[in-house]
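Everything below concerns the one structure shown next.
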Protein chains: 4
Amino acid sequence: MGAVKSKRMPRAVREQQMMDAAVRTFGQRGYQAASMDEIADLAGVSKPLVYLYLNSKEDLFTACIRREARALIEAVRGGVRPDDPADRRLWGGLRAFFTHTAQNPDGWAVLHRQARTHGEPFAAEAAAMRKEIVALVTQLIAVAAREAHRDPSLPDREVAGLAEALVGAAESLAAWANATPGVSAKEAAATLMNFAWAGLGGLMEGRAWSPAGGSAQAPAPVSASV
Amino acid sequence: MGAVKSKRMPRAVREQQMMDAAVRTFGQRGYQAASMDEIADLAGVSKPLVYLYLNSKEDLFTACIRREARALIEAVRGGVRPDDPADRRLWGGLRAFFTHTAQNPDGWAVLHRQARTHGEPFAAEAAAMRKEIVALVTQLIAVAAREAHRDPSLPDREVAGLAEALVGAAESLAAWANATPGVSAKEAAATLMNFAWAGLGGLMEGRAWSPAGGSAQAPAPVSASV
Amino acid sequence: MGAVKSKRMPRAVREQQMMDAAVRTFGQRGYQAASMDEIADLAGVSKPLVYLYLNSKEDLFTACIRREARALIEAVRGGVRPDDPADRRLWGGLRAFFTHTAQNPDGWAVLHRQARTHGEPFAAEAAAMRKEIVALVTQLIAVAAREAHRDPSLPDREVAGLAEALVGAAESLAAWANATPGVSAKEAAATLMNFAWAGLGGLMEGRAWSPAGGSAQAPAPVSASV
Amino acid sequence: MGAVKSKRMPRAVREQQMMDAAVRTFGQRGYQAASMDEIADLAGVSKPLVYLYLNSKEDLFTACIRREARALIEAVRGGVRPDDPADRRLWGGLRAFFTHTAQNPDGWAVLHRQARTHGEPFAAEAAAMRKEIVALVTQLIAVAAREAHRDPSLPDREVAGLAEALVGAAESLAAWANATPGVSAKEAAATLMNFAWAGLGGLMEGRAWSPAGGSAQAPAPVSASV
DNA sequence: TATGAATGAGGATTCATTCAT
DNA sequence: AATGAATGAATCCTCATTCAT
């Protein structure tokens, strides 16, 4: 048995317990390998109750994806200060992203790994979430280009590709940070910010990005002080 | 039935047929959803023969991962001209990467999506391959830093993070390029090269990377001439 | 939800509502396919209340069979005028039978189809009802034979067989009449009466039965004037 | 375990064994109450083999219905001598019908009871079979009417109803004969033939049908000499 | 009188895997 | 070199039924 049994609770509460268990199980085992038995057990309820409330394995998984997607997007949005300049907004979003994924590894696994791997309708659900994030980043880049008085601005497809690249880099670093002991969310964010803003070429020439204010001639790239 | 039946062929050939079928099936359906029945059928042989040659579903999947990993790494290695300067070497590797993944979508799906999603021992296998690529990139960056007379060079962990970010960006762009009609491997490579070398900040200031030679003051970022 | 909710009603009323819902559900879905959930829902009450009043699915089904059996038998009995001659009594019973089954298709399905198909103890319950009807018919035939001064009368087993045949024919025609658009209960009864009284041979020779009075040399068989 | 295990037999044989077991189980328990476990067990094979060969419970049931329907129809057809006069042809069909149903009670239960009770697509399958029989009988009656120089012949719908009634009477008598000890198929056929050909009215007047030749003034109705 | 919360038990179906030839 | 025949072990899901209020 998974959780301590405390019987007779209102539906809403039980549902959250079940989804917690489901996110954990799906995140660790994968969609197919996770069995409804295990989820019910971990949630401390019987299988029929899971079906009564969440309908089917598919629906349960979809519900998990949606819940975790909402949570992640809200976290990232909450990390972006609207009045900051473009680079600071990006920096805020990245920190929120790395913090959230570090604190919700199973939820992140569900979104990033499982949902995208197990075909429709899950992939579509995860893709929608990712598209929101990419759109957010795309807009950030576009605004930054405008703020930089860059004219003519970058072509749309170029910007889309850059946003894709940035998001992919973030996803990759999230896994790296979680797997590498001692790497904090802040440090991961700093590494990515350097990379994304100054580029390798810039870093080679000592042109790192600093949270203090835009691209600087600082002698060394920003590292998070752990 | 999948393939035309031509009985009695040497083992090595049959094995490749089976693995072709397996890669295709695993890549499209996923590890668990793929059934040995379907694979055998697609390979045009009976199930017992698959077991005779490949032993088990797990072994078969592992064999697929290894084969595809080898192929990808060799492709990337083959794209890097040892005598080029650092940025050109990176550029060559990226082009090879995008070309290979575009031409082997199922193999790439097996490596990038399925192997990493379905737990041990597959994740380890895929991780080893990825580590090789990251190591390659890491070394590229380190050499570049040295070539740039940058002293003291970037801290190791910083470099590791940058390599992770770069590889993640590449993975993300591979999916984007494959999903976006009209985006060639070359264009994807160019977008990433701009991003990675010049950074967003550099691009804002018009400092794009060009295949012609290092970081330049080119008025517009490189786009692949399709 | 099935019915409009109006809480707190006397037990007897609620019970009838539940049985109405049950007959409908059992009749349409069958005993096993009918779920207590659906019945409760259709009755507009919660499942525990169904159990409180009707005890179990088995008991509920049995109660339905009994209620519908009573109703059918009373209908048939009510259609038989005791002072009529034998053929007229039969005619009256048949008309009542066809009318009742046409008006209670679900109840008839429960009795004729479901109860007999789902083993003990239901089959016994339905058999008892049927036996009552067969007995009624048997007696009618026996009396008719006596009235016809037939001596020695038909052997008992012969009569039993004839009654079985007649009832079976009626059951079959009930389904036919309900399924064939435009066939009224009266017409079904007329067809059967012709068949049962005059026989095919009689009909071939133009010896049809007419409600007017016994076996006649009428040129054409009786058809119900719709 | 049901049957003695004799392993490794050709598919066609196994399939028949399975269908034998299925007919028996479906006939006795009913469609829903029959479990695939029980059927497999009775057939002496494992469940997966049943699924491998017969696909699903639904398909298995349908296959049973079809097989039994074919068998019954062929039996009845085989009992009708084409060169006999109409009444003799009917007599032959009835005898074949009662004989077949008496010898295949489970198959008959599947057709008459289970298939018609468990909704689509089974009911349609059984209905098709029954329609064939009814059509056969309908034609017999129509020809008889023509042979009797009856002009104008009976209206079509009248004939359809008569055929329905006759078939229903036969079905009912089949159950009665099987349930009443000592009633042979021949006797059941004789009882029905009397009823159908002479009618109750005819019987009252001593006008019974005899296999010897048409409607006669025989002093007593035909009884089968067991 | 009435119900929201909860479950034990069982059933259909699938799949990786092996045996005998 | 190759396969038709066969199965043990799970897994998803449903349902009649009860408990606590």
Side-chain angles (χ1 to χ4, degrees), chain A residues 5 7-11 13-15 32-40 44-60, chain B residues 5 7-11 13-14 32-40 44-60, chain C residues 5 7-11 13-14 32-40 44-61, chain D residues 5 7-15 32-40 44-60:
Chain A
K5 287 221 184 154
K7 300 220 168 178
R8 302 269 151 186
M9 10 218 318
R11 174 170 181 153
V13 177
R14 271 281 191 253
E15 266 185 20
Q32 313 236 28
S35 86
M36 293 299 271
D37 259 308
E38 190 179 355
I39 293 172
V45 297
S46 68
K47 240 187 318 176
L49 200 59
V50 179
Y51 278 91
L52 188 61
Y53 286 175
L54 283 108
N55 232 19
S56 72
K57 195 183 187 184
E58 200 172 312
D59 282 8
L60 173 54
Chain B
K5 282 211 189 170
K7 301 212 171 184
R8 305 267 153 187
M9 21 206 324
R11 171 160 183 159
V13 178
R14 272 278 193 255
Q32 312 239 25
S35 85
M36 294 299 271
D37 260 305
E38 189 178 358
I39 292 170
V45 297
S46 70
K47 247 189 311 177
L49 201 59
V50 179
Y51 278 88
L52 189 61
Y53 285 177
L54 274 324
N55 222 27
S56 72
K57 194 185 189 184
E58 201 173 312
D59 283 7
L60 173 55
Chain C
K5 282 213 189 167
K7 301 214 172 185
R8 305 268 153 185
M9 23 206 321
R11 171 160 183 161
V13 178
R14 272 279 193 252
Q32 311 239 25
S35 84
M36 294 298 271
D37 260 306
E38 189 179 358
I39 293 171
V45 297
S46 70
K47 248 188 311 177
L49 199 60
V50 179
Y51 278 88
L52 189 61
Y53 284 176
L54 274 323
N55 223 23
S56 72
K57 194 185 188 183
E58 202 173 309
D59 283 7
L60 172 55
F61 191 41
Chain D
K5 286 220 183 157
K7 301 221 170 178
R8 303 268 150 187
M9 7 217 321
R11 174 170 179 153
V13 178
R14 272 281 192 254
E15 266 185 19
Q32 312 236 28
S35 85
M36 294 298 270
D37 259 309
E38 190 179 356
I39 292 171
V45 296
S46 68
K47 242 187 315 176
L49 201 59
V50 179
Y51 278 90
L52 188 61
Y53 286 175
L54 284 112
N55 231 19
S56 72
K57 195 183 188 183
E58 198 173 314
D59 282 8
L60 173 55

Give the rounded distance in Å between these two atoms: [atom1] of [X] and [atom2] of [N].
X: D:I39; N: E:dG11; atom1: CD1; atom2: C1'; answer: 12 Å
X: D:R8; N: F:dT3; atom1: CZ; atom2: P; answer: 16 Å
X: B:Q32; N: F:dC12; atom1: CD; atom2: P; answer: 11 Å
X: A:L60; N: F:dC12; atom1: CG; atom2: C1'; answer: 12 Å
X: D:K57; N: E:dA12; atom1: NZ; atom2: P; answer: 4 Å
X: D:D59; N: E:dT13; atom1: CG; atom2: P; answer: 9 Å
X: C:Y53; N: E:dT3; atom1: OH; atom2: P; answer: 9 Å
X: B:D37; N: F:dT3; atom1: CG; atom2: C1'; answer: 13 Å

When D:S46 and C:S56 are each assigned the nearest nucleotide of DNA chain F, the 5'-most assignment goes to D:S46
For A:N55 and for C:P48, find the nucleotide of DNA chain F with the closest heavy atom, then tell me which residue's nucleotide is more 5'.
-> A:N55
For E:dT17, does either OP1 or OP2 sit under 4.0 Å from a side-chain N or O belonging to B:Y51?
-> yes
Respond yes when some side-chain nitrogen or oxygen of D:R14 is under 4.0 Å from OP1 or OP2 of F:dA6, and no when none is.
->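 For F:dA6, OP1/OP2 do have a side-chain N/O of D:R14 under 4.0 Å.
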With a 4.0 Å cut-off on heavy atoms, is B:R11 in touch with a base, just the backbone sugar-phosphate, or nothing at all?
-> nothing
Which part of the nucleic acid, if any, lies within reach of D:A34 when heavy atoms closer than 4.0 Å are counted: base, sugar-phosphate only, or nothing?
->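 Sugar-phosphate: the residue D:A34, judged by heavy atoms under 4.0 Å, touches backbone atoms but no base.
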Rounded to the nearest 0.5 Å, how far apart are CD of B:E38 and NZ of B:K47?
-> 12.0 Å
Which nucleotide in the set F:dT3, E:dA2, E:dT7 lies at the smallest distance from any side-chain heavy atom of A:V45?
->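 Per side-chain heavy atoms of A:V45, the pick is E:dT7.
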Residue met sooner reading DNA chain E from 5', once B:A33 and C:L52 are mapped to nucleotides |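 Checking each residue's closest nucleotide, the 5'-ward one belongs to C:L52.
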Considering heavy-atom distances to DNA chain E, does B:S35 or A:P10 have its closest nucleotide positioned more toward the 5' end?
->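 That would be A:P10.
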Does the F:dT17 base have a donor-acceptor partner in the side chain of C:K47 within less than 3.5 Å?
->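 Such a pair exists between side chain and base.
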Could you pull out the closest heavy-atom pair between [X] and [Y], with the gap in Å?
X: B:R14; Y: B:V45; answer: NE-CG1, 3.4 Å
X: C:M36; Y: C:V50; answer: CE-CG1, 3.9 Å
X: A:S46; Y: A:A40; answer: C-CB, 4.0 Å
X: D:L54; Y: D:E15; answer: CD1-CG, 4.2 Å

Could you check which nucleotide pairs with F:dT21 in any of the strands shown, counting Watson-Crick or G-U wobble with both distances under 3.5 Å?
->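 The base-pairing partner of F:dT21, which may sit in any strand shown, is E:dA2.
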Which one is paired to F:dA16, where only Watson-Crick or G-U wobble pairs with both distances under 3.5 angstrom count?
-> E:dT7
